[in-house]
Amino acid sequence: MNIILFGPPGAGKGTQADRIINHYSLAHLSTGNMFRSAIHNKTPLGVKVSSILASGELVSDDIVVALVKEETEKDIYTNGCVFDGFPRTVAQSVTFDAMLSERGQKVDLLLSLTVDNHELINRILSRGQGRSDDTEEGIKHRLEVYNNETKPVLDYYQEKGIVVEINGTGSVDDVFNRIKDSISAI
Ligand code: ADP
């Protein structure tokens, strides 16, 4: 089972991804985490994307898709995965679907976590992870990028009939219970 966990910065994708992968024994792929780890380890990829992450812009589709393609060739991904932060553009979605279909797989479900903007900003500012892009200005810019470039991904998968909207407010357990209900419905 392949699940896309979708939503704006601060919607709780990382937190819910952890719950889903433990409960359903799926792999977890977060492109944001992969980039942050590359930056931390000062790999050539990390050096290339460091200023892009700090600015809140998106890393180019070519780089992201190559990274995901290489990573998902590993055995741990054969039973399915929660994709968190990917795909983030329609171009990434199209290439992603083609890649999965070559492997006889598909995206089974897109869970779209919704939280209002005011709460998103508060959540990110209070999570205090020390991320260089987690300033008020940085978050506002990431929300803009999300609205302009990432939201169209929702329309793209809506046409395929696999989108389920999840209310992302309430406790972590509340949200996870809603997610479990949607997964058992497929
Ligand atoms: P958030 O959801 O809080 O914005 P992420 O960890 O998903 O955090 O992403 C952090 C940053 O990493 C993004 O602002 C972007 O620069 C880069 N990034 C992550 N995933 C992608 C992707 N699929 N395409 C392009 N850039 C990405």
Side-chain angles (χ1 to χ4, degrees), residues 2-21 27-72 77 81-100 107 110-154 156-157 166 168-169 172 175:
N2 289 306
I3 298 176
I4 296 174
L5 203 49
F6 191 85
K13 299 186 295 288
T15 308
Q16 294 299 332
D18 283 343
R19 303 291 296 266
I20 300 170
I21 61 160
H28 179 200
L29 187 150
S30 156
T31 40
N33 286 351
M34 290 171 82
F35 289 133
R36 279 185 291 277
S37 150
I39 292 168
H40 179 79
N41 294 318
K42 299 192 168 62
T43 67
L45 173 69
V47 171
K48 211 189 267 180
V49 302
S50 158
S51 62
I52 303 174
L53 263 83
S55 74
E57 294 295 322
L58 295 183
V59 175
S60 75
D61 291 336
D62 290 354
I63 293 180
V64 180
V65 165
L67 182 73
V68 171
K69 197 161 193 171
E70 191 187 332
E71 176 66 16
T72 53
Y77 294 98
C81 179
V82 174
F83 293 88
D84 149 13
F86 174 88
R88 229 179 177 96
T89 63
V90 172
Q92 288 178 21
S93 313
V94 172
T95 319
F96 182 47
D97 285 349
M99 184 190 97
L100 287 177
V107 179
L110 183 152
L111 296 169
S112 171
L113 289 176
T114 58
V115 175
D116 73 56
N117 270 13
H118 183 70
E119 175 156 353
L120 290 174
I121 294 170
N122 282 341
R123 279 189 188 181
I124 299 177
L125 289 177
S126 63
R127 77 184 170 193
Q129 287 182 335
R131 271 173 54 173
S132 63
D133 56 350
D134 276 355
T135 59
E136 186 156 358
E137 218 166 276
I139 299 157
K140 285 197 172 139
H141 186 57
R142 262 147 64 222
L143 283 171
E144 257 171 47
V145 171
Y146 171 79
N147 282 322
N148 296 334
E149 300 183 54
T150 304
K151 262 204 173 151
V153 169
L154 212 50
Y156 171 83
Y157 282 109
I166 303 282
T169 49
V172 172
V175 179

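As the structure lists them, so they are numbered: ligands from 1, and atoms in each ligand from 1. Just so you know, residue 1 is the first one in the sequence shown, and it goes up from there.
From the protein, the heavy atom lying nearest to atom 26 (N) of ligand 1 is V59 N, 3.0 Å. For atom 8 (O) of ligand 1, the closest non-hydrogen atom of the protein is R131 NH2, 3.2 Å. The protein non-hydrogen atom at the shortest distance from atom 24 (N) of ligand 1 is Q92 NE2, 2.9 Å. Summary of contacts: the protein heavy atom closest to atom 16 (O) of ligand 1 is E57 O, 2.6 Å. Looking only at heavy atoms of the protein, atom 20 (N) of ligand 1 is closest to T31 OG1, 2.8 Å. Among protein heavy atoms, atom 7 (O) of ligand 1 sits closest to R88 NH1, 3.1 Å.
Judged purely by atom type and a 3.5 angstrom limit, T89 has no side-chain atom pairing as donor or acceptor with the backbone of E149. A donor-acceptor contact shorter than 3.5 Å is absent between the side chain of Q16 and the backbone of V175. With S126 contributing its side chain and N122 its backbone, the two residues share a donor-acceptor pair below 3.5 Å. Looking only at distances, no side-chain donor or acceptor of R142 sits under 3.5 Å from a matching main-chain atom of E57. Remark: the backbone N or O of T43 is not paired with any side-chain donor or acceptor of K48 at under 3.5 angstrom. Counting only distance, with no hydrogens or angles, the side chain of T72 and the backbone of V68 share a donor-acceptor pair below 3.5 Å.
The distance criterion of under 3.5 Å between nitrogen or oxygen atoms is not met by F35 with respect to ligand 1. Below 3.5 Å of separation, one finds an N or O of K13 facing an N or O of ligand 1.
Here atom 17 (C) of ligand 1 lies nearest to L53 when heavy atoms of L53, V49, T89 are compared.
Heavy-atom proximity to R127, at under 4.0 Å, picks out these atoms of ligand 1: 3 (O). Taking a cut-off of under 4.0 Å to the non-hydrogen atoms of R142, the atoms of ligand 1 that pass are 1 (P), 3 (O), 4 (O), 14 (O).
Remark: E119 engages R123 in a salt bridge, criterion side-chain N to carboxylate O under 4.0 Å.
Between Y157 and F6, the ring centre distance reaches or exceeds 6.0 Å.
At a 4.0 Å cut-off, not a single heavy atom of E149 sits close enough to ligand 1 to count as contact.
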